[in-house]
Amino acid sequence: MATPRQIRARIRTAKNIQQITKAMKMVAAARLRRAQEAVGAARPYAEKMREVMASLSNGSDGVQHPLLRKIEGEPKKIGLILITADRGLAGAYNSSVIKRAIELVRPYGPENVKIVSVGKKGAVFFKRRGFSVVSENPVPQTGISFMDAQTLSRTARRLFEDGEIDALYVIYTQFVSAMTQRPQTVQILPLQPLESAADAKPGPKADYIFEPNPEQILSSLLPRYVDTQVFQSVIESVASEHGARMTSMSAATDNAGKMISGLTLTLNRARQAAITKEIAEIVGGAEALK
């Protein structure tokens with residue numbers, strides 16, 4: 001059985017951990033509010049942009065643009081924009097994204113996959129397993145701008161334009177609430193027709209009239225479409241990370257409180273046992289003197 005001194009040391013350690021986890025919870029909650037507002041502002045535009053580009057892909061036959069390159073059959077080489085965190089202590093946030101990425105790249109092998117990483121955890125994991133990480137980028141904790149998203153997506157776009165990959169995917173975590181985050185796999189390039197898009201809506205199809213010409217319009221829209229999808233994915237992931245960390249640190253704080261209560265009860269029992277033993281020794285000594 002531990003001595004009272006050892007139990008007091010464990011209580012002090014648990015209290016220190018509780019203060020740290022409580023502070024991390026408060027910081028994550030403050031950042032989550034700002035990130036949640038950014039998600040709410042960007043999500044409608046990104047979803048509408050994806051819907052429009054999926055519809056435009058039906059009428060883009062004959063238009064020449066590197067981002068409209070078609071492939072025959074299944075892609076043999078893929079590119080992946082992987083969004084994880086720079087740090088841990090966020091529950092299953094990193095592991096769930098990495099697990100989704102493993103399922104995607106397993107049929108291709110390390111030699112046929114190129115990864116653009118946002119966040120240290122994903123880059124470290126796949127580099128140790130022999131995958132080509134062509135770009136490593138930190139997670140912007142204070143908020144990402146659209147210019148930052150353009151910088152991230154430019155490398156991935158260049159891989160597709162140069163023919164180094166046949167398809168481009170992004171794996172990120174969709175923010176639902178502070179308690180719920182869902183890993184998502186989205187194919188950005190090549191464009192998917194509206195009939196096969198997951199968010200296809202029933203009703204009459206849009207018929208687009210291009211002015212001045214399809215090449216000029218799509219040359220402006222296609223890069224912006226990729227930038228928009230990357231921008232939305234990053235801000236969704238940042239909000240999800242803060243939500244997961246806040247929930248995880250809240251649970252850790254509660255667990256530390258339960259541990260402190262249990263250790264305090266054990267300490268009181270040890271003290272009571274020591275007092276009872278001393279009283280018994282005093283009574284025994286007094287009886288011996290008689």
Is the shortest side-chain heavy-atom distance between [X] and [Y] below 4.5 Å?
{"X": "T228", "Y": "R224", "answer": "yes"}
{"X": "V176", "Y": "Q181", "answer": "no"}
{"X": "Q36", "Y": "R33", "answer": "no"}
{"X": "I78", "Y": "L168", "answer": "no"}
{"X": "T185", "Y": "Y172", "answer": "no"}
{"X": "I188", "Y": "F160", "answer": "no"}
{"X": "Y108", "Y": "K77", "answer": "no"}

**Prompt:** Does the pair E136 and K127 meet the rule for a salt bridge (charged side-chain N to carboxylate O under 4.0 Å, His left out), with working shown?
**Reply:** CA-CA 11 Å; E136 297 182 42; K127 284 175 69 176; 2.9 Å; yes

task = Walk me through it: do I171 and I83 pass the test side-chain contact (heavy atoms from CB on, under 4.5 Å)?
result = CA-CA 6 Å; I171 295 182; I83 306 174; over 6 Å; no

When you check the side-chain N and O atoms of [X] and [Y], is any donor under 3.5 Å from an acceptor?
{"X": "T13", "Y": "N16", "result": "no"}
{"X": "T173", "Y": "S237", "result": "no"}
{"X": "E236", "Y": "Q174", "result": "no"}
{"X": "N137", "Y": "S135", "result": "yes"}

Heavy-atom pair of closest approach, residues [X] and [Y]:
{"X": "A42", "Y": "I235", "result": "CB-CD1, 3.2 Å"}
{"X": "A14", "Y": "I260", "result": "CB-CG1, 3.6 Å"}
{"X": "V118", "Y": "P138", "result": "CG1-O, 4.1 Å"}
{"X": "Q18", "Y": "A256", "result": "CB-CB, 3.7 Å"}
{"X": "A244", "Y": "Y93", "result": "CB-CB, 3.9 Å"}
{"X": "K120", "Y": "D86", "result": "N-OD1, 2.8 Å"}

Taking side chain to side chain contact (heavy atoms under 4.5 Å, CB included) as the criterion, tell me which of E37, H242, E241 meets it with L32.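 Of the listed options, the one satisfying the test is H242.
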
Discussion item. Can you tell me which residue among L189, L152, V170, I81 is in a side chain to side chain contact (heavy atoms under 4.5 Å, CB included) with V226?
Written reply: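 The passing option is L189.
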
* Would you find more than 12 non-hydrogen atoms of other residues, nucleotides or ligands less than 6.0 Å from R43 atom CZ? ->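 Count over threshold, so yes.
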
_If you count every heavy atom of other residues, nucleotides or ligands that lies below 6.0 Å from M49 atom CE, does the total exceed 12?_
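Count over threshold, so yes.
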
| So how far is it from I115 CD1 to Y169 OH, rounded to the nearest 0.5 Å? |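 OH of Y169 is found 14.0 Å from CD1 of I115.
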
Return the CG to CD distance between L104 and Q187, rounded to the nearest 0.5 Å.
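The CG atom of L104 sits 9.5 Å away from the CD atom of Q187.
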
Let's go through F131 and V105 carefully: what are the C-alpha distance in whole Å and the side-chain angles of both, what is the deciding distance for side-chain contact (heavy atoms from CB on, under 4.5 Å) to 0.1 Å, and is it a yes or a no? CA-CA 10 Å; F131 286 83; V105 303; 3.8 Å; yes

Query raised in the report: Under 6.0 Å from the six-membered ring centre of F125 and within 45° of its axis: does the NZ or CZ of R129 meet both?
Result: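 So R129 does make the cation-pi contact.
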
From CA spacing to verdict: side chain to side chain donor-acceptor pair (under 3.5 Å), S145, D148: CA-CA 5 Å; S145 65; D148 296 331; 3.0 Å; yes

(Q) Set out, in order, the CA-CA distance, both residues' side-chain angles and the distance that settles salt bridge (charged side-chain N to carboxylate O under 4.0 Å, His left out) for R157 and D227, then state yes or no. (A) CA-CA 9 Å; R157 290 205 318 266; D227 298 340; 2.8 Å; yes

- Full working for side-chain contact (heavy atoms from CB on, under 4.5 Å) between L89 and M249: CA-CA 8 Å; L89 299 178; M249 292 301 99; 3.9 Å; yes

request  = Decide yes or no on side-chain contact (heavy atoms from CB on, under 4.5 Å) for Q150 and M147, but give the supporting numbers first.
outcome  = CA-CA 5 Å; Q150 289 177 313; M147 293 182 63; 4.2 Å; yes

